[in-house]
Number of protein chains: 2
Amino acid sequence: MENFEENRVAKSRSLAKMQSLERYSLHSYVFNYIRDAILNGRYKPGDALVETRLADELGVSRTPIREAIRQLELEGLVISIPNKGVVVSGVSQQDIDDIYTIRSMLEGLAARWAAQRIDEPNLKELEEIVELMEYYTKKNDFEQLTQLDTRFHGVIYEACASKVLKHLLDNLLRYVERARRGSLKVPMRANQSFNEHKSIFEAIMKRNAAEAERLMAEHIARAILNLHSLMEQSEERD
Amino acid sequence: MENFEENRVAKSRSLAKMQSLERYSLHSYVFNYIRDAILNGRYKPGDALVETRLADELGVSRTPIREAIRQLELEGLVISIPNKGVVVSGVSQQDIDDIYTIRSMLEGLAARWAAQRIDEPNLKELEEIVELMEYYTKKNDFEQLTQLDTRFHGVIYEACASKVLKHLLDNLLRYVERARRGSLKVPMRANQSFNEHKSIFEAIMKRNAAEAERLMAEHIARAILNLHSLMEQSEERD
DNA sequence: GCCTGTATAATTGTATACAATTAATGTGAC
DNA sequence: GTCACATTAATTGTATACAATTATACAGGC
């Protein structure tokens, strides 16, 4: 029938999105696609997700769609009613606030454990990141700073040596990805943010677990405050 | 072919497990089946999960198996290597310890929010649960106490009015389900546990958020200590 | 022996076919 | 008009078929 055409679509899709991944599968592609669409607001809460429609839209069969939906269901991004369908649940502003509160605790815990358990290579990488942060903060390069921020926290997740905690934080971070990217684009905040990162690094280096936890918790708490003032400004825009 | 036989198996399965659920689907059944098998230690870390083998074992096709595996993957219970297969990751003792530490923070947060936000019906239910706990503690009915404990925490998850926090805690609780059930079966602990629950309830009733948080965090922290002493005793048994 | 390449089998990945359930559409009674 | 009920369409649930990939086994060369 139209297998060739569909194959072509699939190929170009994979090239566009999976350039950095050596291995992939359709369900993971679909999962990321739908999740991003929900987190970006393209699929809105209440929207129905029809399998065949998604399959057509993405040029794949229903099987990988269903696998992805099952994962989204577990993440709480959609709600599935058996034999009826799935609707987008989405992430409300209240959810984002809650996530930041939760993160401030869990990132604090991660910093505490990292201070106790971090090894030399990770400590060295953290130092390097902080140096780069200083450089790009002066340059006002927000794109680089956002990436460095992700790396900074990622190294700490790694260094805390807890599969469970890392897993939780990775997920929470994805939920607030969009909010986070905005938050760092404020010049003043970038400067403040650098100082906070530096202090956290120093506390970890000194193996001061309590201090690292406190500083990290405050760091995240401040991020949400900043986010709020940011939203008040651009209230009419969105 | 052997469709009739397979249908029969499926029917009896659904009756056995889904008696409390009005609607179900095979993937959720498979998900629960495999998750329990992993959490109970029947499937051990490193074991390969072969789709066809599971499909035969459960008398269903590969489709619901795959959907369930994708969910287990997201939960971190299995690790999937594309085109190769999935292996059981499992929950180590370290994981359980970490979960209890994380829970002590998050349950504390839930108690704090619950103290601020709980409504009358939930408060009333909490009071009722505490009364029943007193009753069954005197009777040493551990089965009832375990259920009441689940209900107590469940009501607080509900009362904290945070979809995200409730979701996280529900998941964490499932991970330590087995450990938790053992923990309450120690008579002394049951008594202590009752007093802790009562104090937490009173703090929430008095709308004392800080106190509720502190008491709850200590309650969970004590549970892990108790669990450790329990394991030292039965070290040779398992 | 052991390495290497090749054929075969096992397994995963994806698409499609069919069944079951739910939503919608329309028709007749009143 | 509208309510009840039957009929059809749309959608989800499950199983199976086929393709692609990876593991296994085995033969020949060195």
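To find a chain, count down the sequence lines: A is the first, B the second, and so on, and within it residues start at 1.
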Where is the tightest heavy-atom contact between [X] and [Y], given as atom of each residue plus distance?
X         : Y         : result
Arg42(B)  : Asp47(B)  : O-OD2, 4.3 Å
Cys160(B) : Leu165(B) : SG-CD2, 4.0 Å
Arg117(A) : Ala159(A) : CB-O, 3.8 Å

**Of residues 62-73 of chain B, the positions that come close to DNA chain C - non-hydrogen atoms, cut-off under 4.0 Å** = Arg62(B), Arg66(B)
**Request:** Ignoring hydrogens and angles, state whether a donor on the side chain of Thr101(A) or Asp98(A) is under 3.5 Å from an acceptor on the partner side chain.
**Result:**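 Short answer, no.
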**Prompt:** Taking atom types as modelled and ignoring hydrogens, do the side chains of Lys163(A) and Ser92(B) form a donor-acceptor contact shorter than 3.5 angstrom?
**Reply:** no
Which nucleotide in [options] has an atom nearest any side-chain atom of [X]:
X        : options                   : result
Val50(A) : dT11(D), dT16(D), dA15(C) : dT11(D)
Asn83(A) : dT11(C), dG13(C), dG13(D) : dG13(D)
Ser61(B) : dG13(C), dT16(D), dT12(C) : dT16(D)

**Prompt:** At under 4.0 Å between heavy atoms, what does Leu49(A) touch on the DNA or RNA strands: base, sugar-phosphate, or nothing?
**Reply:** sugar-phosphate
**Prompt:** What residues, two or more places apart in sequence or in another chain, satisfy salt bridge (charged side-chain N to carboxylate O under 4.0 Å, His left out) together with Glu67(B)?
**Reply:**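 If we apply the salt bridge (charged side-chain N to carboxylate O under 4.0 Å, His left out) test to Glu67(B), skipping adjacent residues, the hits are Arg66(A), Arg70(A).
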**Prompt:** Do Asp170(A) and Lys166(A) sit within salt-bridge range, that is, some charged N less than 4.0 Å from a carboxylate O?
**Reply:**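 Looking at Asp170(A) and Lys166(A), the cut-off is met.
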**Item:** Ion pair Arg53(A)/Glu57(A), N-O distance below 4.0 Å
**Value:** yes
Length of the line joining [X]:[atom1] and [N]:[atom2], which is rounded to integer Å:
X        : N       : atom1 : atom2 : result
Glu51(B) : dT22(D) : CD    : P     : 15 Å
Leu26(B) : dT12(D) : CG    : P     : 17 Å
Leu58(A) : dA15(C) : CG    : C1'   : 15 Å
Ile81(B) : dT11(C) : CD1   : C1'   : 13 Å

**Prompt:** Taking a pair as Watson-Crick (N1 to N3 plus N6-O4 or O6-N4) or G-U wobble (N1-O2 and O6-N3), both under 3.5 Å, which stems of 3 or more consecutive pairs involve DNA chain C?
**Reply:**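 Stems found: C:1-30 with D:1-30.
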**Message:** OP1 or OP2 of dT12(D) versus the side-chain N and O atoms of Lys84(A): is any pair under 4.0 Å?
**Reply:**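 Looking at the OP1 and OP2 atoms of dT12(D), neither is under 4.0 Å from any side-chain N or O of Lys84(A).
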**Message:** Ring-plane angle category for His153(A) and His219(A), please: parallel below 30°, perpendicular beyond 60°, tilted otherwise.
**Reply:** parallel
